[in-house]
Amino acid sequence: MTLEAAVRLRQGDLELDVKLEIKPGEVVALLGPNGAGKTTLLRALAGLVPIDSGYVRLDGLTLEDTSTRTYVPTEKRPIGFVFQDYLLFPHMSVLDNVAFGLRGADAKSHAASWLERVGLRDFTASRPQQLSGGQRQRAALARALGPDPRLLLLDEPMAALDASARAEVRRDLKRHLSTFEGIRLLVTHDPLEAVALADRLLVIEKGRLVQEGTPAEVAARPRSAYVADLVGMNLLRGAADHGSVRTDGGVSVAAAGAHEGEVFVVIHPRAVALHAQRPEGSPRNVWRGRTEAIEVTGERARVRVTGPVPLVAEVTPASLAELHLAEGSDVWISFKATDVSVYPA
């Protein structure tokens with residue numbers, strides 16, 4: 001069972017041109033900034049948005065192909081769709097919502113069995129507005145899985161939940177997804193959600209696929225500012241020349257692994273040290289800058305510093321206090337050449 005698709009379409013200012021392949025057993029997360037085309041791609045795969053050119057093939061069955069004018073209507077595609085706001089009918093019971101897309105005399109008994117599987121056996125007569133956010137998500141998932149689809153699409157499955165419910169619902173969703181034998185593709189903007197649920201990540205920006213790989217691969221080698229920010233890394237780009245990289249901004253960065261050619265440069269925020277005075281010692285990369293933003297989360301503080309090379313440093317709150325740092329403070333930054341990762345652009 002494989003999903004193969006090449007989707008090209010224009011919708012307002014968005015020009016979507018994405019080719020993808022998802023293999024059996026994979027859970028794939030689609031990430032990207034707002035307006036990148038994530039939801040539009042899902043809707044195109046489901047037949048809810050017409051494509052200008054391309055194809056959608058699922059397990060050898062052509063669902064759409066503009067070259068042969070093949071088009072299978074949405075309701076006849078073996079696809080389950082969990083929408084961002086779940087789209088449960090408010091005037092119907094949970095049981096009737098799940099049974100809505102089913103056919104045959106046993107539709108309600110089949111729906112009831114799915115509700116039991118997702119832990120909603122005691123809520124069959126309830127209306128959607130009587131459920132919690134996590135329960136509504138499970139009801140929507142049961143409705144999507146009830147017809148036994150071969151492809152499950154989930155659009156921002158955690159977006160309608162408050163922060164306190166997300167961790168528990170994420171674990172719950174991961175368990176239910178593991179029991180589905182078809183192909184699973186979900187849209188998210190949350191890196192924690194993507195890492196927790198997906199085997200592989202696809203990143204799209206401005207309608208184009210810019211990076212793909214396992215969560216570890218994407219985190220280790222981001223290929224755009226968006227991806228670097230998503231995984232919490234500093235990313236520069238420039239020309240390597242045997243031990244240094246001249247960035248696109250014209251600054252030379254000492255990098256132990258630099259050879260020749262266009263490269264990306266990654267520096268982990270924890271490798272960036274902050275100083276009140278110009279540091280002495282071994283670091284070859286030293287600049288003066290100014291703190292632009294400080295964000296404290298738990299036992300770590302992320303400090304965004306502007307300067308010749310804008311960077312984010314990650315330090316302890318105790319270090320912040322010791323350096324008397326606040327937004328707008330002058331500060332020195334440093335990092336070692338051996339802490340710089342370099343790879344081809």
Side-chain angles (χ1 to χ4, degrees), residues 1-7 16-32 36-48 51 54-64 72 77-84 117-118 137-138 140-159 169-205 207-224 227 230-231:
M1 186 180 295
T2 303
L3 171 68
E4 298 171 296
V7 175
L16 185 66
D17 187 352
V18 173
K19 188 174 183 179
L20 59 85
E21 180 177 339
I22 304 177
K23 297 179 180 179
E26 279 192 304
V27 180
V28 174
L30 185 65
L31 298 100
K38 305 183 298 295
T39 294
T40 301
L41 177 58
L42 255 61
R43 294 175 68 86
L45 295 174
L48 296 168
I51 63 177
Y55 57 83
V56 178
R57 302 184 189 119
L58 182 58
D59 197 21
L61 174 68
T62 298
L63 302 179
E64 191 164 359
V72 176
R77 298 189 183 197
I79 294 175
F81 204 132
V82 177
F83 294 89
Q84 185 175 137
R117 287 176 67 174
V118 299
Q137 187 208 67
R138 281 186 273 161
L141 184 63
R143 184 177 62 181
L145 293 175
D148 194 25
R150 302 212 301 269
L151 169 63
L152 179 63
L153 304 174
L154 302 100
D155 186 11
E156 300 271 15
M158 306 293 176
V169 175
R170 187 186 300 123
R171 290 192 297 269
D172 196 34
L173 179 59
K174 183 178 179 67
R175 185 174 69 254
H176 293 308
L177 289 181
S178 68
T179 66
F180 176 64
E181 295 181 354
I183 294 169
R184 295 145 290 185
L185 175 62
L186 68 99
V187 162
T188 182
H189 66 274
D190 185 341
L192 289 177
E193 188 175 308
V195 171
L197 297 174
D199 306 307
R200 187 159 61 94
L201 309 181
L202 302 177
V203 183
I204 62 172
E205 297 182 46
R208 302 295 190 274
L209 181 65
V210 297
Q211 190 166 359
E212 63 180 301
T214 66
E217 290 169 344
V218 171
R221 293 193 164 196
R223 302 192 67 82
S224 74
V227 177
L230 192 73
V231 299

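Below, each value reflects all heavy atoms present in this structure, side chains not excepted, and no hydrogens, waters or symmetry copies.
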Which residues pass the ring-ring contact (aromatic ring centres under 6.0 Å, His included) test with Phe180, sequence neighbours left out?
-> none

Scan Val227, Leu201, Leu202 and name whichever one has a side-chain contact (heavy atoms from CB on, under 4.5 Å) with Gln211.
-> Val227

Nearest heavy-atom contact between Val7 and Ala44 is CG1-CB, 3.9 Å

Closest non-hydrogen atom pair between Gly25 and Asp199, with its separation = O-OD2, 3.7 Å

Looking at CG of Leu185 and CD1 of Ile22, how far apart are the two atoms once the value is rounded to the nearest 0.5 Å?
-> 4.5 Å

Does the side chain of Val210 come within less than 4.5 Å of Arg223's, by heavy atoms?
-> no

Is a side-chain N or O of Gln137 found less than 3.5 angstrom from the main chain of Pro157, in a donor-acceptor match?
-> yes

State, yes or no, whether a side-chain contact exists between Val72 and Val56 at a heavy-atom distance under 4.5 Å.
-> no

Indicate whether any N or O donor in one side chain lies under 3.5 Å from an N or O acceptor in the other, for Thr39 and Gln84.
-> no

Is there side-chain contact between Leu177 and Leu152, with at least one heavy-atom pair below 4.5 Å?
-> yes

Where is the tightest heavy-atom contact between Leu45 and Arg77, given as atom of each residue plus distance?
-> O-NH1, 2.8 Å

Taking Arg150 for its side chain and Pro78 for its backbone only, find out whether a donor-acceptor pair lies under 3.5 Å.
-> no

Kindly write out the residues that satisfy side chain to side chain donor-acceptor pair (under 3.5 Å) with Glu193, not counting sequence neighbours, or none if the list is empty.
-> Thr188

When rounded to the nearest 0.5 Å, the distance separating CD of Glu64 from CD1 of Ile51 is 4.0 Å

Nearest 0.5 Å, what's the CG-CD distance between Asp190 and Glu156?
-> 9.0 Å

Considering only heavy atoms from C-beta outward, does the side chain of Arg184 approach that of Leu197 to under 4.5 Å?
-> no

Output for pair (Thr62 OG1, Glu4 CD), nearest 0.5 Å, gives 9.0 Å

Which heavy-atom pair separates His176 from Val118 by the least distance, and what is that distance?
-> CE1-CA, 3.6 Å

Using a 4.5 Å cut-off on heavy atoms from C-beta on, say whether the side chain of Pro24 contacts that of Ile183.
-> no

Can you run down the side-chain hydrogen bond (donor to acceptor under 3.5 Å, both in side chains) pairs that involve residues 16-25, sequence neighbours left out, and say none if there aren't any?
-> none

So, the side chain of Asp155 versus the backbone of Phe83: is there a donor-acceptor pair under 3.5 Å, distance only?
-> no

Sub-3.5 Å donor-acceptor pair from the side chain of Arg200 to the main-chain atoms of Glu26, do we have one?
-> no

Heavy-atom pair with the smallest gap, counting every atom of Pro215 and Ala198 | CG-O, 4.0 Å

Residue pair Thr179 / Leu145, side-chain heavy-atom distance below 4.5 Å = no

Leu42 side chain reached by Leu186 side chain, heavy atoms, under 4.5 Å | no

Do the non-hydrogen side-chain atoms of Glu212 and Leu20 ever get within less than 4.5 Å of each other?
-> no

State whether the side chain of Lys38 and the backbone N or O of Leu30 hold a donor-acceptor pair below 3.5 Å, judged by distance alone.
-> no

